[in-house]
Enquirer: 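Before I ask anything, here is the structure I am working with.
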Amino acid sequence: MTRRTKVMIAGLLAILSAVVLSFTTSTYTSYAADQSVQKIKDSKTLVVGTSADYPPFEFPIMKNGKSQVAGYDMLIAQKIADDLGVKLKIVNTEFTSLIPELQDGKIDLILAGMVPTPEREKAVAFSDSYYDVQNVLLVQKKDIAKYKTAADVKGKQIGVQQSTTQQAIAKAQLSGAQLVTEGRFTSLTTELKQGDLAGVVAENAIAANYTKQYPKIYGVAKLKLTTPKQNRTINIAGRKGDKALIKQTNKTLAKLQKNGDLKTLFTQAQNTQLKYGK
């Protein structure tokens, strides 16, 4: 073997060693950095952020003289906490504040009927979906047949919750309407009830909940809204670096889906909403 060959082999071995070392270090660093599940276990508490104005997903109730947040998302959050072996703490805030609070480390997960839009996916990571949605126009019962097409709401005041997919859908498909945005969905439904709004764009499950709870007040208009493919699911949001926590969350969701508990929990949330009437 010539000296030149030996030098070439030595060089290749050095490069190979550097690549292996770099990969190993990177893998170790990535593993070591993602302590998302362990941190929650160490603190013994899973902190979940929500915006409790979206029944039956999340809504406030008074139970045993104490105010608390109930709903489908909260029942799922409890299941995630149970699987982690920790307590659940719920932080109720404005919907627009949820992602910033997640990024700032004030909460561990977001369960708030959130749709994984492309814009949100740039800021946070999402779990697998746990609910499929369509969007409708919630109106006063007397106006169900009044609004059949987008032309029928031209010049009308239509309510949408701020920074939601419903706002984007209304802007794109109800361009002739005057959009009214509010931070809380319940403010919109109150304005609709009072006659200040002609309608409110809502997810089908939310609208169905209102028509079931208040059958003499609300109804769903015949107007058809198209829900973009990327806006048809509801998912749980976490920080991009918290891959272990997202993985654990997906395990819980898969288990709930497999044993049928997702449907059971949704019905439970609806019944709680009917009972407390919020």
Side-chain angles (χ1 to χ4, degrees), residues 46-61 63 67-81 88-99 101-102 107-117 120 124 126-136 138 159-167 169 182-190 192 200-214 218 220 227 231-238 249 252-253 256-257 261-278:
L46 172 67
V47 184
V48 167
T50 195
S51 181
D53 61 340
Y54 214 50
F57 287 89
E58 39 269 331
F59 51 91
I61 64 172
K63 190 174 183 179
S67 176
Q68 58 183 269
V69 179
Y72 183 46
D73 281 337
M74 301 305 98
L75 293 171
I76 292 175
Q78 186 62 64
K79 294 293 185 181
I80 296 171
L88 173 65
K89 177 181 178 181
I90 298 170
V91 175
N92 183 25
T93 187
E94 293 285 337
F95 189 83
T96 53
S97 299
L98 289 170
I99 288 180
E101 292 201 8
L102 177 66
I107 56 180
D108 299 313
L109 294 171
I110 297 173
L111 281 91
M114 185 170 282
V115 172
T117 63
R120 289 172 184 158
V124 299
F126 282 99
S127 70
D128 295 335
S129 65
Y130 61 95
Y131 196 86
D132 296 329
V133 301
Q134 293 294 328
N135 286 275
V136 298
L138 184 68
V160 290
Q161 189 175 15
Q162 185 180 3
S163 300
T164 62
T165 55
Q166 287 70 45
Q167 183 176 8
I169 288 171
E182 295 281 1
R184 290 191 173 277
F185 186 80
T186 46
S187 297
L188 294 169
T189 54
T190 298
L192 174 60
V200 176
V201 178
E203 290 173 358
N204 54 335
I206 307 302
N209 196 70
Y210 271 89
T211 58
K212 184 177 181 180
Q213 179 73 26
Y214 309 103
Y218 299 107
V220 174
T227 302
N231 299 148
R232 292 177 185 172
T233 64
I234 288 178
N235 305 55
I236 298 169
T249 298
T252 298
L253 291 176
L256 294 174
Q257 178 67 48
D261 279 352
L262 283 179
K263 291 183 179 179
T264 300
L265 294 178
F266 191 80
T267 300
Q268 183 180 335
Q270 288 181 309
N271 291 337
T272 299
Q273 168 69 6
L274 287 172
K275 179 179 180 180
Y276 290 94
K278 294 292 183 181

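The chain is numbered in sequence order, starting from 1. When reading the values below, keep in mind they use all heavy atoms of this one structure, side chains included, and skip hydrogens, waters and symmetry mates.
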Enquirer: Could you give the distance from NZ (K212) to CD (Q273), rounded to the nearest 0.5 Å?
Expert: 10.5 Å

Enquirer: Look at the side chain of N92 and the backbone N and O of A52, then say whether any donor-acceptor pair between them is shorter than 3.5 Å.
Expert: yes

Enquirer: Considering all heavy atoms of both residues, which atom of P55 and which atom of N209 are nearest to each other, and what is their separation?
Expert: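 Shortest heavy-atom separation between P55 and N209 comes out as CB-ND2, 3.7 Å.
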
Enquirer: Quick one, V91 and L98 - any side-chain contact, counting heavy atoms below 4.5 Å?
Expert: no

Enquirer: About how many Å separate OG1 of T165 and CZ of R120, when rounded to the nearest 0.5 Å?
Expert: 6.0 Å

Enquirer: Supply the atom-to-atom distance Q257 CD to T252 OG1, rounded to the nearest 0.5 angstrom.
Expert: 13.0 Å

Enquirer: E58 and T50: side-chain hydrogen bond (donor to acceptor under 3.5 Å, both in side chains), yes or no, with the steps?
Expert: CA-CA 7 Å; E58 39 269 331; T50 195; 3.2 Å; yes

Enquirer: For E94, is the CD atom crowded, meaning more than 12 foreign heavy atoms sit under 6.0 Å from it?
Expert: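 Yes, enclosed.
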
Enquirer: Where is the tightest heavy-atom contact between T227 and N231, given as atom of each residue plus distance?
Expert: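 Result for this residue pair: CG2-O, 3.5 Å.
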
Enquirer: Check whether any side-chain heavy atom of I234 lies under 4.5 Å from a side-chain heavy atom of S129, and answer yes or no.
Expert: no

Enquirer: Any chance you could measure N271, atom CG, to Q268, atom CD, to the nearest 0.5 Å?
Expert: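 N271 atom CG to Q268 atom CD measures 8.0 Å (nearest 0.5 Å).
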
Enquirer: A side-chain contact here means heavy atoms from C-beta on lying under 4.5 Å apart; do Y130 and I76 qualify?
Expert: yes

Enquirer: OG1 of T164 to CD1 of I169: how many Å apart, nearest 0.5 Å?
Expert: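 Output value for this atom pair is 8.0 Å.
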
Enquirer: Less than 4.5 Å apart, side chain to side chain, heavy atoms only: is that true for D128 and N235?
Expert: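 Heavy-atom side-chain distance check fails, nothing below 4.5 Å.
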
Enquirer: Report yes or no: do N135 and Q166 form a side-chain donor-acceptor pair below 3.5 Å?
Expert: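 There is such a pair (donor and acceptor under 3.5 Å, judged by atom type) between the side chains of N135 and Q166.
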
Enquirer: For the atom pair OG1 (T272) and CG (L265), what is the distance rounded to the nearest 0.5 Å?
Expert: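 So the OG1 of T272 and the CG of L265 are separated by 10.5 Å.
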
Enquirer: If you apply the rule side-chain contact (heavy atoms from CB on, under 4.5 Å), what do you find for Y54 with R184, and how did you get there?
Expert: CA-CA 8 Å; Y54 214 50; R184 290 191 173 277; over 6 Å; no

Enquirer: Are the side chain of Q167 and the backbone of S163 linked by a donor-acceptor contact shorter than 3.5 Å?
Expert: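 Here the side-chain-to-backbone pair exists.
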
Enquirer: I'd like to know whether I236 forms a side-chain contact (heavy atoms from CB on, under 4.5 Å) with I80, so could you lay out the CA-CA distance, the side-chain angles of the two residues, the decisive distance to 0.1 Å, and finally the verdict.
Expert: CA-CA 11 Å; I236 298 169; I80 296 171; 3.8 Å; yes

Enquirer: If we ignore angles and hydrogens, is there a donor and acceptor under 3.5 Å between the side chains of Q161 and D53?
Expert: yes

Enquirer: Can you name the nearest heavy-atom pair linking L111 to A77, along with the distance?
Expert: CD2-N, 3.9 Å

Enquirer: Over all heavy atoms of both residues, which pair between A112 and S51 is shortest? Give the atoms and the distance, please.
Expert: CB-N, 4.1 Å

Enquirer: Between T186 and F59, is any pair of side-chain heavy atoms under 4.5 Å apart?
Expert: no

Enquirer: What do the steps show when you test N204 against V133 for side-chain contact (heavy atoms from CB on, under 4.5 Å), and what is the final call?
Expert: CA-CA 6 Å; N204 54 335; V133 301; 4.1 Å; yes

Enquirer: Which atom names give the shortest non-hydrogen contact between Y218 and T190, and what distance separates them?
Expert: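 The pair with the smallest heavy-atom distance is OH-N, 4.4 Å.
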
Enquirer: Using a 3.5 Å distance criterion without hydrogens, assess whether the side chain of S187 forms a donor-acceptor pair with backbone atoms of G183.
Expert: no

Enquirer: Taking side chain as C-beta onward, heavy atoms only, is F126 less than 4.5 Å from M114?
Expert: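 The answer is yes, as the side chains (C-beta and beyond) meet within the 4.5 Å cut-off.
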
Enquirer: Looking at I61 and A70, what are the two nearest heavy atoms and their distance?
Expert: CD1-CB, 3.9 Å

Enquirer: Please walk me through it: do K89 and L46 pass side-chain contact (heavy atoms from CB on, under 4.5 Å)?
Expert: CA-CA 6 Å; K89 177 181 178 181; L46 172 67; over 6 Å; no

Enquirer: Tell me yes or no: between the side chains of Y210 and T189, is some donor less than 3.5 Å from an acceptor?
Expert: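 There is such a pair between these side chains.
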
Enquirer: Any chance you could lay out the ring pair (Phe, Tyr, Trp, His ring centres under 6.0 Å) test for F57 and Y131, step after step, and finish with the verdict?
Expert: CA-CA 10 Å; F57 287 89; Y131 196 86; 5.3 Å; yes

Enquirer: Are side-chain heavy atoms of V136 and L138 found at a separation under 4.5 Å?
Expert: no

Enquirer: Between Q162 and E182, is any pair of side-chain heavy atoms under 4.5 Å apart?
Expert: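 Side-chain contact under 4.5 Å: no.
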
